[in-house]
Every structure is written in C-alpha cells, then in structure tokens.
Amino acid sequence: MPAATSTKWPAFHNGGPLLGVAAPIGPPPMKLRWQFRAEDDPPAGKAAAAQVGITPGFESSAAIVDGVVFAADRAGAVRAIDLKTGKRKWTYRVDAGFAASPGVLKGAVYIGDEEGIFHAVNAQTGQKLWTFDAGSSIHSSANFQGDKIVFGDDGADIYCLGPDGKKIWDSKAGDRVNSAPAIGGAEPGQSASVFVSGCDAELRAIDVDTGKDRFTKELGALCPGSPALLEDRIVVGTDGGKILCLSRDGSKQLWEFAGVQNQAMVYASPAVSDGIVAVGTRDRNVYGLDLATGQKKWSFATHGDVDSSPVISAGRVYVGGKDKHFYVLDLKTGDKLWEFVASRGITATAAIADGAVVIGDTAGVLYCFEPKSN
C-alpha cells in the first residue's frame, strides 16, 4: 500500500488508487483553525447573474498542496486559500457550477464543470491555462498517472488528456460516470490501469497508455462512487445496499456485504486501511468491514444519509453526514471520538495534510480543523 505524504492531498481520496488514506494527524479533540464563507467572496457581473438562486455549497473534496487549499463550489468558483490563515489567494470563476473535486499536478489545478468544460488553472495565479470541451456535464473528479489526466463525464465518456489539454485517448462506458477513476499498477511489464465504476453497473479496467479495455465486470447495480484499489483486490459500493470485493483482475468476487439497511444506496466511495473497509451509506450509517472476509466489524449510526466518503488517518475515520455533523471515529471499533456541527449538511469528503483537516458544507462554508494539542 503506498505511503501517504504529509504535505499533499492532491486529488479526491488522495488520488492514485483512491484508498482514502492520509498521513497521520494528531488525535481529537479538534479545534477550528479557520472557516471561510463562499458568500464573503461573491461573484460579480455576468457570473453573479448566472448564479441567481444557487447556493455556493461545497460538495466535493478540497485539494491541499504546498500549504494551499484548493476548493470548488456549486456556484462556479475555484479558490486557493492559505492553509494556515484561511485567507483567499485567488478565485477562478465560471458560469457553471462545480460538483467535482479539484486535482493538482505540477503547478496546475484541473477540474471539470457541470456544463462539460474541463479547466486547467495556474495554481499560483488562478489564471486559465486551457479548457477542454467534453460535451457533457462533468461530476467525475480527475486522477493522474504521470502527466496523464483522466476523468469521466455524464455522456459515458472517459477521457485521458495531456498536460497541454490535448486528448490522448477516449473510451466509452455504458452510462454516465460520476466517480473519479482509480489508477494503479498492473502486472510486471504492463502499463497501469484506470478502473472506472459508473451508472452502467459495470467496473471496467482500461490501459492508461492506450485507452483499450482490459476487462469489464458486471456489478449488478449502478455504482455512483469510486473503487478502492489494493494490490490484490478492488472494493466498490453499489445501489441496492451492497459493497463488493473483487479480485484485481475482475475475474472473481471475493465477498459481498449486503447488510445495508433497506438496501439503501452506497453513494460514497470506500476507504481502506489496516485491514478495514470504511464506507458511508444512505441508510444513515458508517460501516467498518473486514477487508479479508467482508464481515461487519462495526456500524455507526448518524441522523442523515452519508454521501461523504470516509478518510482514514492514524487509525481514525473522518466523515461527514447530511445531519450537519462531521465525525471522527475509531477505525477498529467505530466508537465516536469527536464531532462538530456544521451550518448545513455535509456531502463533501475531507482532505487531510500538513496536520490539518479541511471539509466544506452545502451552505458554502469551508472549515479547517487541527488537533487541540497543537
């Protein structure tokens, strides 16, 4: 399992295999370092007119790179915010909203908007570098392999772009792709694979160099979240209240957890560490499952659906809920260690780097926490 780095959280679920594992951070209780309200940095002119009636909520994960937080909201703003002070460094605005998470690679911020335009922005200045028209709304967060940028769209397209914005390849799924693709190594001598789950109820592996399918695996139900990619297995959640574990080549189902109440959708992406799968569901629970067997080790009940994808750091689970709460749970037992009540529900996923936790709510408030012991 790759080691997490302390200074970066470059993409949704820490990018790469999307295991949702962060570098160690000190234990709770936490204290609020700062909060940033999107309404305090309102749009002007044409951008303001385009966003009438739209709450500038944060629904995606922030990225944290080199002491800067990059966060995108539903009102069409990407902001760079100083991690230590909470002061805004720049704002990049478009007329469409952002549901995807920003990804940062080699000095550029990459993100797609809900009108189907994929943006590359200078991370230092906030100036546009280039755009790519995908032709369909983008909810899929970008992931990276070397200099390659990979994402999906609502038109069932999967794109691989170069750092200049030129298309390297595109592939086609059977239905829209909301999730971020997971990317990881393959057999010796093979290029890495891109693993995509989507609304076509399939998991597909694609050669990252050529864009050719390596395999497709029927999942039995649509899959709005991303797969978590381990050395020998893949874990993914689906509609119908199931969490599946497949062999790395997709040929075998190793186990199935069907204990989600009322067969509620598993919208969130699973996080995996220390032999435990942590996943939130729309039955208002967070589950901890044994990675080897799929047996339930614990469940934690909230008061709202859990669309926020859990993040794991130092044996603790960090996850938000639509009940306005941000929770820190013990990874082994599911016991609540700490909680914070936000101004509105949380569907975003936490980002953890440099000893801080950043997460936004659907009212457009971005929170930065640090351990009280700091």
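Heavy atoms only: backbone and side chains are in, while hydrogens, waters and symmetry mates are out. This is a predicted model, so every value here is computed, not measured.
- You'll find the side chain of Leu222 stays beyond 4.5 Å of the side chain of Asp175, heavy atoms only.
- Pro371 and Pro27 get closest at one heavy-atom pair: CB-O, 3.7 Å.
- To the nearest 0.5 angstrom, Ile234 atom CD1 is 10.0 Å from Ser197 atom OG.
- Hydrophobic clustering places Phe300 together with Val317 (ILVMFWY residues linked when any side-chain heavy atoms are closer than 4.5 Å, directly or through intermediates).
- Distance alone, capped at 3.5 Å, places no donor-acceptor pair between the Ser309 side chain and the Thr349 backbone.
- The backbone N or O of Gln295 sits nowhere less than 3.5 Å from a side-chain atom of Asp290 that would complete a donor-acceptor pair.
- With rounding to the nearest 0.5 Å, the separation of CD1 in Ile149 from SG in Cys160 is 8.0 Å.
- Without hydrogens or angle criteria, Ser313 side chain to Ile25 main chain gives a donor-acceptor distance under 3.5 Å.
- Contact record, Ala173 with Asp200: CB-OD2, 3.6 Å, taken as the closest heavy-atom pair.
- Heavy-atom minimum distance, Ser60 versus Ala99: CB-O, 3.4 Å.
- Side-chain heavy atoms closer than 4.5 Å link hydrophobic residues (I, L, V, M, F, W, Y) into clusters, and following such links, even through other members, never connects Ile111 to Ile138.
- Contacts classified as side-chain hydrogen bond (donor to acceptor under 3.5 Å, both in side chains) and involving residues 27-38 (residues at least two apart or in different chains) are given here: Arg33-Glu370.
- No more than 12 heavy atoms of other residues, nucleotides or ligands shown are found within 6.0 angstrom of NZ on Lys324.
- With a 4.5 Å cut-off on side-chain heavy atoms, His303 and His325 do not count as touching.
- Exactly one of Tyr110, Tyr92, Phe132 qualifies for a side chain to side chain contact (heavy atoms under 4.5 Å, CB included) with His119. That residue is Tyr92.
- What you find for Ala62 and Ala71 is that their closest heavy atoms are CB-CB, 4.3 Å.
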Side-chain donor-acceptor pairs under 3.5 Å in residues 327-336, sequence neighbours left out?
residue	atom	partner	partner atom	Å
Tyr327	OH	Asp323	OD2	2.6
Asp330	OD1	Lys332	N	2.9
Asp330	OD1	Thr333	N	3.0
Asp330	OD1	Thr333	OG1	3.3
Thr333	OG1	Asp335	N	3.2
Thr333	OG1	Asp335	OD2	3.1
Lys336	NZ	Glu339	OE2	2.8

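- Across Gly26 and Tyr318, no two heavy atoms sit closer than the pair O-OH, 4.1 Å.
- Two residues are said to be in side-chain contact when any heavy atoms from C-beta on lie closer than 4.5 Å; Ser269 and His13 meet this criterion.
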Worksheet entry | Candidate pair Trp338 and Arg316, rule side-chain contact (heavy atoms from CB on, under 4.5 Å), full reasoning | CA-CA 10 Å; Trp338 182 79; Arg316 293 177 287 273; over 6 Å; no
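- Not one N or O on the side chain of Ser191 forms a donor-acceptor pair closer than 3.5 Å with the backbone of Asp207.
- The hydrophobic cluster containing Leu105 does not contain Val150, counting ILVMFWY residues as joined when their side-chain heavy atoms lie under 4.5 angstrom apart, directly or transitively.
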Can you list, pair by pair, the side-chain donor-acceptor contacts under 3.5 Å of residues 260-268, counting residues two or more places apart and other chains?
none

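- Side chain of Asn285 to backbone of Tyr287: no donor-acceptor contact under 3.5 angstrom is found.
- Within a 6.0 Å radius of CZ in Arg282, other residues, nucleotides and ligands contribute more than 12 heavy atoms.
- For the pair Leu83/Cys368, a side-chain contact is recorded, criterion being any heavy-atom separation below 4.5 Å from C-beta on.
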Practice prompt. Would you please test Tyr159 and Phe118 for ring pair (Phe, Tyr, Trp, His ring centres under 6.0 Å) and show each step?
Written response: CA-CA 10 Å; Tyr159 289 103; Phe118 189 82; 9.0 Å; no
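- Relative ring orientation between Phe340 and Tyr367 is described as perpendicular, the plane-to-plane angle rising above 60° on a 0-90° scale split at 30° and 60°.
- Between the side chain of Asp305 and the backbone N or O of Asp307 there is no donor-acceptor pair closer than 3.5 Å.
- A distance of 8.5 Å separates OG1 in Thr302 from CG in Asp283, rounded to the nearest 0.5 Å.
- Remark: side-chain polar atoms of Thr362 are paired, donor with acceptor, to backbone N or O of Gly345 under 3.5 angstrom.
- Put simply, Val357 and Ile346 are part of the same group of oily side chains (I, L, V, M, F, W, Y) that touch within less than 4.5 Å, one to the next.
- Below 30°, between 30° and 60°, or above 60°: for Phe369 and Phe326 the angle between ring planes is below 30°, a parallel geometry.
- Using a 4.5 Å heavy-atom cutoff, the side chains of Leu18 and Leu229 are not in contact.
- Under the 4.5 Å side-chain heavy-atom criterion for grouping Ile, Leu, Val, Met, Phe, Trp and Tyr, Val177 is not connected to Leu203 through any hydrophobic cluster.
- The closest donor-acceptor contact from the side chain of Asp164 to the backbone of Lys166 lies under 3.5 Å.
- Using a 4.0 Å cut-off between a side-chain N of Lys or Arg and a carboxylate O of Asp or Glu, Asp249 and Arg214 do not qualify as a salt bridge.
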Worksheet item: Is there a side-chain contact (heavy atoms from CB on, under 4.5 Å) between Arg233 and Arg248 once you walk through the steps?
Response: CA-CA 4 Å; Arg233 60 193 60 204; Arg248 181 65 177 259; 5.9 Å; no
Discussion item. Show, in sequence, the C-alpha distance, side-chain angles and deciding distance for Ser273 and Leu19, and conclude whether the side-chain contact (heavy atoms from CB on, under 4.5 Å) test is met.
Written reply: CA-CA 8 Å; Ser273 183; Leu19 296 176; over 6 Å; no
Worksheet item: When you look at Val121 and Val78, which way does the side-chain contact (heavy atoms from CB on, under 4.5 Å) test go after all the steps?
Response: CA-CA 9 Å; Val121 181; Val78 180; 5.9 Å; no
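- Atom OG of Ser136 and atom CD of Glu114 lie 11.0 Å apart (nearest 0.5 Å).
- Here the straight-line distance linking atom OG of Ser171 with atom NZ of Lys212 works out to 9.0 Å at 0.5 Å rounding.
- Taking the charged nitrogens against the carboxylate oxygens, Asp41 and Arg93 do have a contact shorter than 4.0 Å, which makes a salt bridge.
- The CG atom of Asp157 sits 11.0 Å away from atom OG of Ser140, with the distance rounded to the nearest 0.5 Å.
- In this structure, Asn143 contributes its side chain and Pro181 its backbone to a donor-acceptor pair below 3.5 Å.
- With contacts defined as side-chain heavy-atom distances shorter than 4.5 Å, the pair Val306/Thr281 does not qualify.
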Practice prompt. Give the C-alpha distance, both sets of side-chain angles, the deciding distance and a yes or no for salt bridge (charged side-chain N to carboxylate O under 4.0 Å, His left out) between Lys106 and Asp147.
Written response: CA-CA 9 Å; Lys106 295 183 179 179; Asp147 287 337; 2.6 Å; yes
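- No donor-acceptor distance shorter than 3.5 angstrom exists from the side chain of Trp169 to the backbone of Ile158, with no hydrogens or angles considered.
- Within the 4.5 Å cutoff, no side-chain heavy atoms of Val365 are placed close to those of Phe58.
- Taking both residues in full, the closest heavy atoms of Glu218 and Ala221 are given as OE2-N, 4.4 Å, listed atom of the first, atom of the second, then distance.
- With a 4.5 Å cut-off on side-chain heavy atoms, Arg79 and Asp73 count as touching.
- No more than 12 heavy-atom neighbours from other residues, nucleotides or ligands sit within 6.0 angstrom of NZ on Lys242.
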